[in-house]
Amino acid sequence: MEDVCAKFVSQKISKARWRPLPAAALQPPDVFATGSWDNEDNRISFWSVGDLVNAGLNGEYHGEPQLLCDIWHNGDVMDMQFLDQERIVVASSTGTVTVFRHHQNNQTLSASQRWEKAHYHVDQDTSCGGAACTGVICNKPEIVTVGEDGRINLFRADQKDAVRTIDNADSSTLHAVTFLRTTEILTVNSIGQLKIWDLRQQRNEPSQIFSLAGDRVPLHCVDRHPNQQHIVATGGQDGMLSIWDIRHGTMPVSLLNAHEAEMWEVRFHPSNPDHLFTCSEDGSLWHWDTSTDISEKPSFLHQGGRSTAYFSHNTINQSVVSAWLSNDPTKDRMEITNLVPNQTLSVNSLDILGPCLVYGTDAEAIYVNRQLFA
């Protein structure tokens, strides 16, 4: 894995996220953010991926990630999502949700907005009542948060109060949330259920509930296929990867044996969703590749990382999409690669953009791979 740069940061990293690129950008991503946990002093940090000055002849970066700026964060960072190129929304174990702004002109970070105790046990005013905010998802200007108090909040950037709160959305801990479409979200909880919520409806009930059969295995993470909103991937305490088709039935379409311990994050590649990535407490990070024929991979994977070919809906190879929905995707040719062969401590977070992968670990290190498909 000579393409991977490691940076030791003397903090356990709980989350890592690429800063989104401008819509028309052709260059690979160049800045990412990390959040830490389980340290005396937790921080939000922004990093540049490397040194363009010493770039090789073919435009490769060299050198390890460089710290651009960082800021203290109260509590463990439970989740982070970019709202736009300047702002990142951070969920805390204290129940507070903070929007940090990255000032690129002088490389500083400041808290531009804060919702104190957005999640809480008992009532908002008790000093010890904060409940961890476990998940956040953004669809600018909207921000949805979920927590261990079973509450769902809908915030809007630049508005002081929540637009909407569903107080008893779940009797168990909500671990993660994603947008299905602009008015619909999907949550996963600690008893193995997926629930769809239609934010246009005033009633505080899910419009649909799905569940893993039998054991109520806690689900920790969820991601939606970027082009086919009905395809959803989840992972949880047993390390299994579950693929769901939310148009049909209430059970997963396929259950794939994956990790030896909890799966912490699952991500479809945003522009090439026949690739999926999962990371786990067992120290592994898996790349799942369902491209039907490896020789027919889209050409952008070989162009020095320029992700110029963003699939449009009509050019998607239907067999690629349905590979996730076949009863046994492994029969249809799936390659699985562990990208972290020698890791021992938990890989807590990963993010993927264009040809670039970033991940963070309990080994107090961040890793960047800029040529994922080379």
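Heads up: numbering here begins at 1 and tracks the sequence.
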To the nearest 0.5 Å, atom OG1 of T361 lies from atom CH2 of W264 at 14.0 Å

* Asked: Are H175 and E148 linked by a side-chain donor-acceptor pair shorter than 3.5 Å?
  -> no

- Message: I'd like to know whether V89 forms a side chain to side chain contact (heavy atoms under 4.5 Å, CB included) with T98, so could you lay out the CA-CA distance, the side-chain angles of the two residues, the decisive distance to 0.1 Å, and finally the verdict.
- Response: CA-CA 6 Å; V89 185; T98 309; over 6 Å; no

Item to check | Pair R43 + D41: basic N to acidic O under 4.0 Å | outcome: yes

Review point. Do L199 and I152 belong to the same hydrophobic cluster, where Ile, Leu, Val, Met, Phe, Trp and Tyr are linked whenever their side-chain heavy atoms lie under 4.5 Å apart, directly or via other members?
Key: yes

Quick check against the 3.5 Å criterion: does W18 have a side-chain atom that pairs as donor or acceptor with the backbone of A33?
no

Nearest heavy-atom approach of A176 to V222 is CB-CG1, 3.9 Å

Residues V49 and R370: closest non-hydrogen pair is O-NH1, 2.6 Å

message: Between K140 and D84, does any side-chain N to carboxylate O distance fall below 4.0 Å?
response: yes

Looking only at heavy atoms, the pair that brings H220 and E262 closest together is NE2-CG, 3.8 Å

When every non-hydrogen atom of G239 is compared with those of A258, the smallest separation belongs to O-CB, 2.9 Å

Check: Parallel, tilted or perpendicular for F46 and F82, by the 30°/60° rule?
Finding: perpendicular

CZ of R247 to CD of Q229, rounded to nearest 0.5 Å, is 11.0 Å

- Using modelled atom types only, decide if a donor and an acceptor are shared between the side chain of E335 and the backbone of W288 within a distance under 3.5 Å. no

Q.
One pair to check against side-chain hydrogen bond (donor to acceptor under 3.5 Å, both in side chains): N204 and D167. What are the steps and the verdict?
A. CA-CA 8 Å; N204 295 337; D167 270 326; over 6 Å; no

Student check: side-chain heavy atoms of H102 and C69 closer than 4.5 Å:
yes

| message | Is there a side-chain contact between I88 and V99 in this structure, where contact means two heavy atoms from C-beta onward sitting under 4.5 Å apart? | response | no

Notebook entry, point to check: Quick one: does T96's side chain get under 4.5 Å of W115's, heavy atoms only?
Noted result: no

Exercise for the section: Please step through side chain to side chain contact (heavy atoms under 4.5 Å, CB included) for the pair V136 and V177, ending with a clear verdict. Expected result: CA-CA 7 Å; V136 58; V177 58; 5.8 Å; no

Would you confirm whether S110, through its side chain, and S112, through its main-chain N or O, come within 3.5 Å as a donor-acceptor pair? no

**Message:** Taking the side chain as everything from C-beta on, heavy atoms only, tell me whether K117 gets closer than 4.5 Å to T94.
**Reply:** no

One should read off an interatomic distance between T187 OG1 and L174 CG, to the nearest 0.5 angstrom, of 5.0 Å

| query | Okay, side chain of D362, backbone of K12: is any donor-acceptor separation there less than 3.5 Å? | reply | no

When rounded to the nearest 0.5 Å, the distance separating NE2 of H119 from SG of C133 is 4.0 Å

Please check: side-chain N/O of D170 versus main-chain N/O of T173, any donor-acceptor pairing under 3.5 Å? no

Distance-only polar pair, side chains of Q193 and S211, donor-acceptor under 3.5 Å:
no

*Please walk me through it: do T108 and H103 pass side-chain hydrogen bond (donor to acceptor under 3.5 Å, both in side chains)?*
CA-CA 5 Å; T108 56; H103 306 276; 4.6 Å; no

| message | Can you see whether Y120 has R151 sitting over its ring - NZ or CZ less than 6.0 Å from the centre and within 45° of the normal? | response | yes

* Heavy-atom check, side chain of E64 versus side chain of Q66, under 4.5 Å -> yes

- Message: Set out, in order, the CA-CA distance, both residues' side-chain angles and the distance that settles side-chain hydrogen bond (donor to acceptor under 3.5 Å, both in side chains) for W197 and S207, then state yes or no.
- Response: CA-CA 6 Å; W197 306 82; S207 53; over 6 Å; no

Report task. May I ask whether L83 and V90 are part of the same hydrophobic cluster, defined by side-chain heavy atoms of I, L, V, M, F, W, Y residues being less than 4.5 angstrom apart, directly or through others? Result -> no

Margin query: For F100 and H73: C-alpha separation, side-chain torsions, deciding distance, then whether side chain to side chain contact (heavy atoms under 4.5 Å, CB included) applies.
Written below: CA-CA 10 Å; F100 290 97; H73 179 263; 4.0 Å; yes

Has R224 got a side-chain atom pairing as donor or acceptor with L180's backbone, closer than 3.5 angstrom?
yes

Under a 4.0 Å N-O cut-off, is there an ion pair linking R17 with D79? yes

Between the CD atom in Q113 and the CD1 atom in I143, the distance rounded to the nearest 0.5 Å is 6.5 Å

*Quick check: does any side chain N or O of T134 sit under 3.5 Å from a backbone N or O of V146, one acting as donor and the other as acceptor?*
yes

task: Keeping the roles fixed (side chain from T178, backbone from D223), state whether a donor-acceptor pair exists under 3.5 Å.
output: no

> Any side-chain heavy atom of L353 within less than 4.5 Å of one from H269?
Replying inline: no

One should read off an interatomic distance between T34 OG1 and I13 CD1, to the nearest 0.5 angstrom, of 4.0 Å

Next on the checklist: Quick one: does any side-chain atom of N153 pair with a main-chain N or O of T145 as donor and acceptor, under 3.5 Å?
Outcome noted: no

Original post:
In terms of ring plane angle, is the pair W286 and H259 parallel, tilted or perpendicular, where the classes change at 30° and 60°?
Top reply: tilted

- Query: Parallel under 30°, tilted from 30 to 60°, perpendicular over 60°: which one fits the rings of F32 and W47?
  - Reply: parallel

Fill in: Heavy-atom neighbours of E260 CD exceed 12 at 6.0 Å
no

Going through the distances and angles, do S36 and N42 end up as a side-chain hydrogen bond (donor to acceptor under 3.5 Å, both in side chains)? CA-CA 5 Å; S36 68; N42 288 307; 3.0 Å; yes

Nearest heavy-atom approach of G35 to I44 is CA-CD1, 4.3 Å

Candidate pair V340 and N338, rule side chain to side chain contact (heavy atoms under 4.5 Å, CB included), full reasoning
CA-CA 6 Å; V340 195; N338 181 8; 4.0 Å; yes

Could you check whether D198 pairs with R181 (Lys NZ or Arg NE/NH1/NH2 to Asp/Glu carboxylate O, under 4.0 Å)?
no

Quick one: sort the H225 and F268 rings into parallel, tilted or perpendicular, breaks at 30° and 60°. tilted

Does L255 reach the side chain of S242, with side-chain heavy atoms less than 4.5 Å apart? yes

Query - pair V217-L219: side-chain heavy atoms closer than 4.5 Å - result: no

>> Between T234 and C221 (side chain of the first, backbone of the second, donor and acceptor by atom type, cut-off under 3.5 Å), is there such a pair?
In response: no

Using the six-membered ring wherever Trp is involved, compare the ring planes of F210 and W244 and label them parallel, tilted or perpendicular (cut-offs 30° and 60°). perpendicular

Heavy-atom nearest pair, P65 first then C5, reads CD-CB, 4.2 Å

Query - Side-chain ion pair, E184 and R200, N-O less than 4.0 Å - result: no

